[in-house]
> 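I'd like to ask some things about the structure below.
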Amino acid sequence: MLFAYGLAPVSMAVQPVAAQGQEPPGRSGTRVVSSASEGWPQGREWRVDSVPALQIGQLAGEPEYQFYRVSSVVMLRDSGVVVLDGGSRELRRYSPRGQLEWTAGREGSGPGELKQPIMLGQRPDGAFVISDRASNRITTVGLDGTILESRAADFQGTVPLFFGLFADGRYLATFRREIGPPPPGTSWADTISLWSIDVENETGTPIAALPGPSWLWTGRDMLPVPFTANPPRALSGNKLFVSSGPHPEILVFDSDGRALERIVLERPPLPVRAADARRVVDKLIEEDVYGVPAEVWNSSLRSMTLPEFAPAFDRILVDTGGNIWARRYEEFVPGTSASWNVFRGSGQYLGAVATPARFEIFSVREGRIVGVFYDELGVEYVRAYDILRN
């Protein structure tokens, strides 16, 4: 069987699914904030310092200072850093000066153990909530590194895919959907249905159904169509921020599924050229991402229907000041700097911020960005940079 991520196979009312090419939900009956130019006064733009304020990591030596497949980095109020390392399956806390304070978790499928951990967020008391998609468990870790809870992640007989944690304790999730293999050469567009899930009471509320990636089934492999992507999303308090498609806009919902705002940046969408798709596929072939021979990729590319425009954004973050950060969509090019469009919490567009080359932001807190830097060998380092505001 193949897996798609559309409608939930549970007994709840489902809102209509948006098809590819249709406008996503939330564009009518909501507050619209539109910007055509930057809100920063000239000379007062934000920029990222060229020198890191903190770096943790080393090429060799103590394993607790080595990182591999970091999936989350959180900066705490005291400027300490919590890192979820996928390679060691550990949650680690470091002091503001980068010294290890504790670790929690280890590889395994039992209580307190992790196999494929994803950070969902923090509870109001500061505890960290982790979803393990391989063992279908939710683990909660206290601020001192104590395992507070480890429980099965089932819901009404299904196992949701959890993406985040609302302030009210509900989870942002979607559901796997099994489909039978179609004839070889068939392509289809996925739909990502996002839900607010109360695990304790086993109730759920549909929030949005958004156009997702498109795929081509070769008869053996399911290959992604270039320039189609999962809709980026972020949670802040009880608000969900999502973007979908080529329009540079962000839709805001609450945890009850109400559409609150539509934040629009008046910028034309980015056209997709055949040469762009060729570049993406060449990179996938070079890195052997899907384990598919070059001749299969080349044949598949010729039969793929490419989108007219690229997605506007591929990441969304909300900083501790309520500002919204949306990264402009670009297929990954090693050594390049990413560009983030920054909006006030009110929706006003402020301007663009460039981040250092080979640096992936995971969170923004009180004038500092924190994330992972990848050196020329692909070695990972946790870094923090100050945001300079003239």
Side-chain angles (χ1 to χ4, degrees), residues 2-7 17-27 174 177 179-194 208-233 242-251 264-316 326-341:
L2 303 178
F3 286 102
Y5 299 95
L7 301 181
V17 178
Q20 287 281 12
Q22 293 181 347
E23 291 191 344
R27 292 192 180 184
T174 190
R177 178 171 51 127
I179 60 176
T186 300
S187 60
W188 74 90
D190 207 348
T191 298
I192 308 300
S193 294
L194 299 176
L210 302 169
S214 295
W215 305 90
L216 178 72
W217 174 244
T218 67
R220 188 182 77 92
D221 301 289
M222 188 165 65
L223 302 181
V225 176
F227 298 100
T228 66
N230 280 316
R233 60 196 75 93
V242 296
S243 181
S244 180
H247 303 284
E249 61 185 38
I250 298 168
L251 307 176
V264 179
L265 178 58
E266 296 179 13
R267 182 183 68 208
L270 180 66
V272 171
R273 303 170 302 173
D276 298 326
R278 179 74 262 174
R279 173 175 57 83
V280 171
V281 168
D282 286 344
K283 189 65 178 176
L284 293 172
I285 294 172
E286 177 187 344
E287 298 184 352
D288 196 26
V289 174
Y290 291 88
V292 176
E295 57 269 23
V296 175
W297 264 116
N298 293 332
S299 174
S300 299
L301 180 59
R302 287 192 293 270
S303 60
M304 287 178 177
T305 300
L306 299 174
E308 184 179 359
F309 300 102
F313 303 124
D314 62 5
R315 287 281 307 283
I316 298 177
R327 188 173 69 182
R328 295 195 63 170
Y329 179 91
E330 293 180 6
E331 289 292 343
F332 180 70
V333 179
T336 60
S337 172
S339 178
W340 293 76
N341 293 132

> Examine distances only and state if a side-chain atom of S299 and a backbone atom of E295 form a donor-acceptor pair shorter than 3.5 Å.
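Such a contact is absent between S299 side chain and E295 backbone.
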> Any non-hydrogen side-chain atom of V225 less than 4.5 Å from a side-chain atom of L306?
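Sidechains of L306 and V225: in contact.
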> Considering non-hydrogen atoms only, spot the tightest contact between P293 and R220 and give its length.
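Closest heavy-atom pair between P293 and R220: CD-NH2, 4.1 Å.
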> Grab the two heavy atoms, one from S193 and one from A209, that are nearest each other, plus how far apart they are.
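Answer, listing the atom of S193 first, then A209: OG-CB, 3.9 Å.
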> With a 4.5 Å cut-off on side-chain heavy atoms, are I192 and L194 touching?
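Answer yes - side chains close enough.
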> Between side-chain atoms of residues 265-273 and protein atoms elsewhere (two or more places apart, or another chain), which donor-acceptor pairs fall under 3.5 Å?
residue	atom	partner	partner atom	Å
E266	OE2	S34	OG	2.6
R267	NH1	N341	OD1	2.9
R273	NE	D276	OD1	3.4
R273	NE	D276	OD2	3.2
R273	NH2	D276	OD1	2.9

> Are any of the side-chain heavy atoms of F227 and E308 separated by less than 4.5 Å?
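Contact flag for F227/E308 side chains = no.
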> Measure the CZ-OG distance between R233 and S244 for me, rounded to the nearest 0.5 Å.
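Rounded to the nearest 0.5 Å, the CZ-OG separation comes to 10.0 Å.
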> Using a 3.5 Å distance criterion without hydrogens, assess whether the side chain of W217 forms a donor-acceptor pair with backbone atoms of T186.
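No, W217 side chain to T186 backbone: no donor-acceptor pair under 3.5 Å.
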> Is a donor on one side and an acceptor on the other found under 3.5 Å between the side chain of S243 and the backbone of F313?
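No, S243 side chain to F313 backbone: no donor-acceptor pair under 3.5 Å.
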> Just by modelled atom types, is the L216 backbone N or O under 3.5 Å from a matching donor or acceptor in the S187 side chain?
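Flag not set: sc S187 to bb L216 has no pair under 3.5 Å.
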> Just wondering, do V242 and I250 contact through their side chains at under 4.5 Å, heavy atoms?
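No. Closest side-chain heavy atoms not under 4.5 Å.
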> Side chains of P248 and V264: does their closest heavy-atom pair fall under 4.5 Å?
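The answer is no; the side chains never approach within 4.5 Å.
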> What residues, two or more places apart in sequence or in another chain, satisfy side-chain hydrogen bond (donor to acceptor under 3.5 Å, both in side chains) together with D221?
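D221 satisfies side-chain hydrogen bond (donor to acceptor under 3.5 Å, both in side chains) with no other residue.
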> With a 4.5 Å heavy-atom cut-off, do D314 and P232 have their side chains touching?
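No, their side chains stay 4.5 Å or more apart.
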> Could you give me the CA-CA distance, side-chain angles and deciding distance for L223 and W215, then say whether side-chain contact (heavy atoms from CB on, under 4.5 Å) is met?
CA-CA 5 Å; L223 302 181; W215 305 90; 5.9 Å; no
> Can you check side-chain contact (heavy atoms from CB on, under 4.5 Å) on R315 and W340, steps first, answer last?
CA-CA 9 Å; R315 287 281 307 283; W340 293 76; 3.7 Å; yes
> Can you name the nearest heavy-atom pair linking T228 to S214, along with the distance?
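Heavy atoms only, the tightest pair is OG1-N, 3.0 Å.
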> Can you sort out the partners of R328 under side-chain hydrogen bond (donor to acceptor under 3.5 Å, both in side chains), two or more places apart, ordered by chain and number?
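Counting only residues at least two positions away or on another chain, R328 forms no side-chain hydrogen bond (donor to acceptor under 3.5 Å, both in side chains).
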> Under the criterion side-chain contact (heavy atoms from CB on, under 4.5 Å), I'd like the reasoning laid out for R278 against N298: C-alpha separation, chi angles, the key distance, then a yes or no.
CA-CA 9 Å; R278 179 74 262 174; N298 293 332; 2.7 Å; yes
